[in-house]
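First listed ligand is number 1; within each ligand, the first listed atom is number 1.
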Amino acid sequence: MSEEGRDGDANGDRDDHAPEAGTLYDQARWTDDGEYEPLLAEKDSTVVEIGEDSPLPDDLTRDSLELPGLAEPELARHYTRLSGMNYGVDSGPFPLGSCTMKYNPKFTERAAADPNAAVHPDRSAGSVQGTLELQATLQDYLGRIGGMDAVTLQPPAGAAGEFTGIRIAAAYHEANGEDRTDVIIPDSAHGTNFATAAMAGFDVVELPSAEDGRVDLDALEAAVGEDTAALMLTNPNTLGLFERDIEEIAGIVHDAGGLLYYDGANLNALLGRARPGDMGFDVMHYNVHKTFATPHGGGGPGAGPVGVTEELAEFLPTPHVRQQGDGSGYERYEPARSIGKVHGFSGNWPVLVRAFAYIARLGDAGLADASAKAVLNANYLASQIDYEVPYGPFHHEFVASAGEQDAADAAKRMLDYGVHPPTTKWPEIVDEALMTEPTEAENKGSLDDLAAAFDAVAAEDDATLEAAPERTAARRIDQVAAAREPRLSWHALED
Ligand SMILES: *Cc1c(COP(=O)(O)O)cnc(C)c1O
């Protein structure tokens, strides 16, 4: 990138040592053969004798243990090196569309690490009033943000929130003596929506998108009926497009006696500006690890609180938290027709403490500012790249097309330019989709770096893309085996 391009950087001059945008970089590798950082056990293995005087039964104890005999500096350097072989939101931009990989501010880590936040969930309500107050306050914050009347914090992920919400919808119809079998889902929806409906015992009715990438009202009219339990929708949708006809959509589903489920993954586009509850949604989940900057990754722990309208509140999971009628304190209780438990206690608490800290620090104005910048950043980045962006105008994310290139190969090649690639090959209504969401956390310089990486890759040939990544610590991995047969113990290396 030219020096000129960096002048507009709101954060002042960039580091002189930063690699030139759009140029190849090398990820850290620490061994002579460039293979991998040795395991601690490979660096040193010491047999430690264990004393005989254990109070535990003999068959539960051992006499010796093989441990790495390393001093603190060796340990610290090992983990620092490993972190240099990885890429995360602390390393650079992470525009993984739909996932909303925002930077996780450090103050939220401090809040979660506060010893007062670490109370045993089995403690009596009387002895953890502060914790219950925080839970009730977070329920209230989330309810106000989503336009919902009641919120449970219990589900441990967005997908678990979907399952909770759809089970609540099922319980509601059942309580009304209705047997409704169908859940309608647009073809652009996230895979978890389809899985949720099927796991909850519903038949999935897939709704084709209209030409403009939005819900096709005629197709919706044709799909709804007395079998409709719910329509699951995210708004803006996974193309980043706002469903302008949302009130009409809600009318069609409600007139047929169905409920509207809001997939909250894209709430970052609306935060502080528009509320699913006001659009007619009856039940929604919040992905706090997307919208409220709590960490993702490694498969969890996450949190997927669920909000509902007044009508559905009695079906929420148990225990729920509320202020006591006389205002004297907070209590746990079981809602009248609760669907039961979907997770232990009140959910993954430290993640929720981080979400609380984030919302409390930003406040109404800060949340509205975050969504404005998220939308501005997506639109700026889209305007800077050479790849075609077929649908628009969009909000917090856009889906570019890699055109003649294979999107997955192009994504691998972006790693060689030192940035994380976008989500690929989804939604399927765009050929070779590159679903891109820069988030509000990036400044102009960082967006320009990203654009330079996109453009460098757009200009490359297939052979180069197929050989990528060449400059990362780990090259192409077997993604299917990594997902289906993960071997998470270092013993795997012994084979
Ligand atoms: C991330 C995502 C989900 C699932 O959320 P998890 O927290 O990952 O379980 C559902 N729908 C959409 C559109 C998503 O992006």
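- From the protein, the heavy atom lying nearest to atom 5 (O) of ligand 1 is N287 ND2, 2.9 Å.
- At a threshold of 4.5 Å between non-hydrogen side-chain atoms, the residues K425 and E432 count as touching.
- Cation-pi geometry between K341 and F345 is met: the NZ or CZ atom falls under 6.0 Å from the ring centre, inside 45° of the normal.
- Within the listing of ligand 1, atoms 4 (C), 5 (O), 6 (P), 9 (O) sit less than 4.0 angstrom from a heavy atom of A159.
- Residue contact check: T192 has heavy atoms under 4.0 Å from atoms 3 (C), 4 (C), 10 (C), 11 (N) of ligand 1.
- Annotation: cation-pi pair R361/F107 present, NZ/CZ under 6.0 Å from the ring centroid and within 45° of its normal.
- For the pair L447/Q384, no side-chain contact is recorded, criterion being any heavy-atom separation below 4.5 Å from C-beta on.
- Atoms of ligand 1 found under 4.0 Å from any heavy atom of A265, numbered from 1 in the order shown, are 2 (C), 11 (N), 12 (C), 13 (C), 14 (C), 15 (O).
- Using the six-membered ring where Trp is involved, F454 and Y387 have ring planes that are perpendicular, over 60° apart on the 30 and 60° scheme.
- Ring orientation note: the planes of H289 and H296 are nearly perpendicular, at an angle over 60° on the 30°/60° scale.
- Each of the following atoms of ligand 1 lies closer than 4.0 Å to a heavy atom of A157: 7 (O), 9 (O).
- The environment of CG in D114 is crowded: more than 12 heavy-atom neighbours from other residues, nucleotides or ligands sit within 6.0 Å.
- Among all non-hydrogen protein atoms, the one lying nearest atom 6 (P) of ligand 1 is G158 N, 3.5 Å.
- The heavy atom nearest to atom 2 (C) of ligand 1, considering only H190, H285, K290, is found in K290.
- Among all non-hydrogen protein atoms, the one lying nearest atom 11 (N) of ligand 1 is D263 OD2, 2.5 Å.
- Counting only distance, with no hydrogens or angles, the side chain of R322 and the backbone of Y333 share no donor-acceptor pair below 3.5 Å.
- Among the atoms of S98, some N or O lies under 3.5 angstrom from an N or O of ligand 1.
- For E162, the closest heavy-atom approach to ligand 1 falls below 4.0 Å.
- The closest approach between T234 and ligand 1 stays at or above 4.0 Å for every heavy atom of the residue.
- Of the N or O atoms in H289, one or more lie within a sub-3.5 Å distance of an N or O in ligand 1.
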